[in-house]
**Q** 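Take a look at this one; I'll ask things after.
Reminder, nothing fancy here: chain letters follow the sequence lines and each chain counts from 1. When reading the values below, keep in mind they use all heavy atoms of this one structure, side chains included, and skip hydrogens, waters and symmetry mates.
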Amino acid sequence: MLDKNFNPESFEKSFSFEIEASLRKPNAEPFMVLLPPPNVTGSLHMGHALCYTLQDIIARYKRLMGYDVVFQPGLDHAGIVTQLLVEKSLYEGGAEKGSLTRETLLKEIWFFKENSGNTILNQIKTLGISCDFSRLRFTMDEDSRKAVTKMFVKLFENGLLHRRKKMINWDPLIGSAISDLEIVEKEVDSYLWYIKYRLADSSESITVATTRPETLFGDVAVAVNPSDQRYLHLVGREVMVPLVNRKVPIIADSHADPEKGSGAVKVTPAHDFNDYDIGVRHKLPILEIMNLRGELNENVPELFQKMDRFVARRKVVELLEKKELLEKVETIKQKIPFGDRSNVPIEPMITYQWFVDAEKLAVSAVKAVENGKIKFIPKHWENLYFEWLNNVRPWCVSRQIWWGHRIPAWYGPDGQIFVAESLEEATVKAGQFYGKNVVELVQDEDVLDTWFSSGMWPFVTLGWPRQTSDLGRFYSKMIIVTGFDIIFFWIARMIMMGLFCMDEVPFCEVYIHGLIRDEKGQKMSKSKGNVINPLDLCKKYGVDSVRWTLASTTSPGRDIKMNEHSVENGRNFLTKLWNVVRFAKMNGCLYNHDFKVEDVSYPMAKWIVYKIKQMVSQVGSAMAEYRFDEVTHHLYHCLWDSFCDWYMEFIKPIFQQSSLKNDEKRGYDLPHTLLKKDIRDTTSWAIVQFVRVLYPIAPFISKKLSGEMGVMEISWPIIGEIDAAEAIEEVEFLKSAISSVRSMKQYLHIPPTEKVSVRLESDSYDVADLIVKYGEAMHRMVGINFGKITEQTVPVVLNRAVIYMELGSKIDMGKERVRLSQDMKKLLQNKENMLFRLANEDFLNNAPEETIWDHQKRVEEIEDKIQKIDYVLRSLEVV
RNA sequence: GGGCGCAUAGCUCAGAGGUAGAGCACUACGUUGACAUCGUAGUGGUCGUAGGUUCGAUCCCUGCUGCGCCCACCA
């Protein structure tokens, strides 16, 4: 027997889903869910919990629907993050800065990976995520290394990958190039300094406004707008760069904006993207004044050499002021780019890097979404995808760090590049190139952007470059579930690389979920201290409750405001189900495998079968559309409202009849022995359907309760056809009768426990039959006895029936009349509205037939009620 | 500057061209055998704003306002 208390912890640990996750169905339709591989350094946060839960729901549902499902787990080596983290812990452990060699650091990181990489995997298992862990992959495992290397060579040989000297975003803290995507703009308080540049050949000067005075050492020109009348006469003349007194020209370039600053701008091609472009346009020299650590180099006066860029800034300003070259200073709000991992301002630097021609790869990637081969859910995210890909710039894939896939390029003594899958191959190529056998080759020091390997994940996890059977079977039959923030980083790159490499889209659906926020709608962050740990929630409320809550609060295109309250809600629902099963077992219900819904005859049973059939189909449609909120909604209301509140209450007398004494039976005897078995079977059947449909969302309790009902295998319900129209009518009538009587009792302040005698009158129903079938239940549910009425009565007007309640002297006839008159007024108003519409010719001509028919039916119903109330009102007048 | 999303009950959010919904909260009443992690009955909304299309708009279209986000630029 089940515990009285619902305690998820007591059974959650006893279920493992590894076997069913690894089960293959070679003859079924293939379907794959590709888990976005979490970072090895990661630990589970709410975002993971949501993302993974949704995928798990999909994977489990697809399994139930008979698909051959691969739910592929993995871990991402997360180059920069991991290296920073391990370095930090080593330094904190006493290692001297700069003392680490490539080999020792890599050894340490691998050690860290072996020991900590499992943390998040175990957390994923705790959440009940049914990945096939026997397929676990790591983005830096040997197979991945081979694949990445091959891809690099392939891109290179197709002319889509080049090594170029270009200006890139340099992160001085990490000491590496980073891509455009790894930058975050931050608004900071800053200054705009107005600096006087003296003309070389006169005492005149031109004022230049800048936010970066320290870069003036690298100035090679001053630019003004060609249409700026103030400065036109100066174009072509020369100015002295302050502090170094180097002559540079004044040039006309449209980049200079007369509205901004002083209208004149210093040009530093080596350290600013726009200035670099100006430099190219005007064939200006490039003067680099900074090293890769963000310190000024030997091209600046000695005083400033090796000085940090921000220290140098203060010093420069100080000196300019002293020399009276500083005209004025404005305080401004400025947005400047920061490295997203290092959180330091990035520095544009001209360096050699490897670039993928993303512009070329983007063409087919855009097409694949345009022509519907890949669908985003919700669809509007496609706009974002298009916007980015249509303006995509070369992707800088080289990183000057050590943790990652080493770039498979080797350099000859003269700098000649040999891109190959191995040193041996490179050596052969070099031999051919130089015409001799022994050539000393040096491998590129850099590693690849982490997203390079992630971008290949859909086919690498399927075995590529080996032509495995999985690769042919599951590639492009996938769904990806993820947050919008990695549409560029990951989704777009998977599509580009997949199309390039496999000539086919990697997946067909991309489900983009919302962000989890705190209850005030703020982003969760450690610094704000508003982080909710999903595992804490699981511990407190049970994993299933958390999963249920995540599913029920997610809706397309909307972020989730998370609070514990909503988890309580989920827990309460599961508790309800738990108690349903307790009730069933107390009454001897066990799943009967021979039971057929077609054989059900008792109307209440037919009704619940119908309700469940309807629910299953609604849940199925919702699942197909990934509307997890609707899935839970339908389940919730079918179980709680239909099954618990009505079905269970109605069948109690049948289960409990035997315990009643004769004088308590009030003559509502039914052929109980027969009925009891039918009802037991129906009840068990119903519970099993609930538990099955619940399985994708709350697998632990589903398994547990399914077992309790005697069903070991969970499968999706298949429900036969039944003709339930009459039963539905009857039950809906009973429901409205009971609700109305309850309402009336409350209205008249009759205590719920007080029994009331009633008389049911109807020309549409067989009153005696209803009383035999449901009298006992109605007695229990509302405290009414069917019998003779002698005293004053109050009528409860129903559809096609009236119930008269005996109330003795408690009724205030005057009050009753007022109440009924008010009801009447509303009904008349309602009827009038309907009739007005029905009298409108335009309405009749244009509205769909169904709508018109609906209106007419409604009028009939209203008229019936009006008639009854009218009748009752008149009878009250007689009294 | 370009783009996207959102605006419905006190709160969190569904929703559909034809009688406005749920959960929570709130009010009143109620624990004898499934469940107080509960039950019953209620209160509560001119669906942001101004126009347009339509027989009919809260839903479709346009403008506006407010909030959130993305991209680009910023000397």
**Q** Show the numbers, then the answer: is there a salt bridge (charged side-chain N to carboxylate O under 4.0 Å, His left out) between A:Glu347 and A:Arg212?
**A** CA-CA 11 Å; A:Glu347 196 60 60; A:Arg212 303 204 57 190; 2.7 Å; yes
**Q** Name the pairing partner of B:U54, where a pair is Watson-Crick or G-U wobble with both distances under 3.5 Å, or state none.
**A** none
**Q** Is it the case that the base of B:U37 and the side chain of A:Arg571 share a donor-acceptor contact (distance under 3.5 Å, atom types as modelled)?
**A** yes
**Q** Given B:A34, B:C70, B:C55, identify the nucleotide with an atom nearest to the side chain of A:Lys652.
**A**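 Comparing B:A34, B:C70, B:C55 against the side chain of A:Lys652, the answer is B:A34.
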**Q** Hey, does A:Met648 reach any base, or is it just sugar-phosphate, or nothing, if we go heavy atoms under 4.0 Å?
**A**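 Base, at least one base heavy atom under 4.0 Å.
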**Q** Would you indicate, yes or no, if B:G68 has its OP1 or OP2 atom less than 4.0 angstrom from a side-chain nitrogen or oxygen of A:Arg517?
**A**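 A:Arg517 to B:G68 OP1/OP2: no side-chain N or O under 4.0 Å.
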**Q** Roughly, in whole Å, what's the span from CH2 in A:Trp578 to P in B:A34?
**A**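 Distance check: A:Trp578 CH2 to B:A34 P gives 17 Å.
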**Q** With the side chain of A:Ser555 defined as its heavy atoms from C-beta on, choose the nearest nucleotide among B:C13, B:C38, B:G3.
**A**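 In terms of side-chain proximity for A:Ser555, the closest of B:C13, B:C38, B:G3 is B:C13.
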**Q** Using OP1 and OP2 only, check whether a side-chain N or O of A:Arg582 sits under 4.0 Å from B:U37.
**A**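 Answer is no, no contact under 4.0 Å.
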**Q** In terms of side-chain heavy atoms of A:Arg393, which of B:C73, B:G18, B:A25 is nearest?
**A** B:C73
**Q** Measure from the side-chain heavy atoms of A:Phe484 and tell me the nearest of B:A41, B:C29, B:C69.
**A**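 Of the candidates, B:C69 comes closest.
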**Q** What's the closest nucleotide to the A:Glu387 side chain, out of B:A22, B:G18, B:C71?
**A** B:C71
**Q** Taking only N and O in the side chain of A:Gln746, is any of them less than 4.0 Å away from OP1 or OP2 of B:U27?
**A**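 Answer no for this pair, as no side-chain N or O of A:Gln746 is under 4.0 Å from OP1 or OP2.
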**Q** If we only count heavy atoms from C-beta on, is the A:Asn225 to A:Asp257 side-chain gap below 4.5 Å?
**A**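 Sidechains of A:Asp257 and A:Asn225: no contact.
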**Q** Do A:Lys585 side-chain and B:A34 base share a donor-acceptor contact under 3.5 Å?
**A** no
**Q** Taking atom types as they are modelled, is there a donor-acceptor pair under 3.5 Å from the base of B:A34 to the side chain of A:Glu649?
**A** yes
**Q** Determine, step by step, whether A:Glu564 and A:Lys540 satisfy the salt bridge (charged side-chain N to carboxylate O under 4.0 Å, His left out) criterion, reporting the C-alpha distance in whole Å, the side-chain angles of both residues, the deciding distance to 0.1 Å, and the verdict.
**A** CA-CA 10 Å; A:Glu564 279 205 33; A:Lys540 192 164 168 193; 2.9 Å; yes
**Q** Let's test this: given Watson-Crick or G-U wobble pairing with both distances under 3.5 Å, identify the partner of B:C69.
**A**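 With both distances under 3.5 Å, B:C69 matches B:G3.
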**Q** Do any side-chain nitrogens or oxygens of A:Ser566 fall under 4.0 Å of OP1 or OP2 in B:U12?
**A**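 It does not, given that no N or O in the side chain of A:Ser566 lies less than 4.0 Å from OP1 or OP2 of B:U12.
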**Q** Measuring from the side chain of A:Gln656 (C-beta onward, heavy atoms only), which nucleotide among B:C69, B:C24, B:G33 has the closest atom?
**A**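 Of the candidates, B:G33 comes closest.
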**Q** Taking OP1 and OP2 of B:G39, is either one under 4.0 Å from a side-chain nitrogen or oxygen of A:Lys576?
**A** yes
**Q** How far does CH2 of A:Trp381 sit from CD1 of A:Ile491, to the nearest 0.5 angstrom?
**A**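 The CH2 atom of A:Trp381 sits 12.0 Å away from the CD1 atom of A:Ile491.
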**Q** Hunt down the Watson-Crick or G-U wobble partner of B:U46, both distances under 3.5 Å, from any strand shown, or write none.
**A** none
**Q** Quick one: A:Phe583 CZ to B:G39 C1', roughly how many Å, whole number?
**A** 15 Å
**Q** Both distances under 3.5 Å, Watson-Crick or G-U wobble: report the partner of B:A9, or none.
**A**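 Because no pair has both required distances under 3.5 Å, B:A9 counts as unpaired.
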**Q** Indicate whether OP1 or OP2 belonging to B:A14 is found under 4.0 Å from a side-chain N or O atom of A:Arg627.
**A**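 The answer is no; no side-chain N or O of A:Arg627 sits under 4.0 Å from OP1 or OP2.
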**Q** If we call it a pair only when both distances are under 3.5 Å in a Watson-Crick or G-U wobble match, what pairs with B:G17?
**A**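 None - no nucleotide pairs with B:G17, as no candidate has both distances under 3.5 Å.
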**Q** With respect to the phosphate group of B:U37, does any side-chain polar atom (N or O) of A:Asn579 fall under 4.0 Å of OP1 or OP2?
**A**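 For A:Asn579, the contact criterion (side-chain N or O under 4.0 Å from OP1 or OP2 of B:U37) is not met.
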**Q** Using side-chain heavy atoms (C-beta onward) and a distance below 4.5 Å, is A:Val208 in contact with A:Trp193?
**A**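 When only atoms from C-beta onward are counted, A:Trp193 and A:Val208 do not touch, as no gap falls below 4.5 Å.
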**Q** Does the side chain of A:Lys335 get closer than 4.0 angstrom to OP1 or OP2 of B:C73 through an N or O atom?
**A**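 For B:C73, neither OP1 nor OP2 has a side-chain N or O of A:Lys335 closer than 4.0 Å.
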**Q** Should B:G33 form a Watson-Crick or G-U wobble pair with both distances under 3.5 Å, which nucleotide is its partner?
**A**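 B:G33 is paired with nothing.
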**Q** Among the candidates B:C55, B:C38, B:A22, find the nucleotide nearest to the side-chain atoms of A:Trp640.
**A**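 Nearest nucleotide to the side chain: B:C38.
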**Q** I want to verify a distance call: between B:C55, B:C29, B:G23, whose nearest atom is closest to the A:Asn846 side chain?
**A** B:C55
**Q** Looking at A:Lys585 and A:Glu708, is there a salt bridge between them, counting it only when a charged N and a carboxylate O are closer than 4.0 Å?
**A** yes
**Q** Taking the side chain as C-beta and beyond, is there a heavy-atom pair between A:Leu181 and A:Trp395 under 4.5 Å?
**A** no
**Q** Does the side chain of A:Ser743 get closer than 4.0 angstrom to OP1 or OP2 of B:G42 through an N or O atom?
**A**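 A:Ser743 to B:G42 OP1/OP2: side-chain N or O found under 4.0 Å.
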**Q** The side chain of A:Asp645 is closest to which nucleotide in this list: B:U40, B:C55, B:A34?
**A** B:U40
**Q** Would you indicate which nucleotide in B:U12, B:U19, B:G5 comes nearest to any side-chain atom of A:Lys561?
**A** B:U12
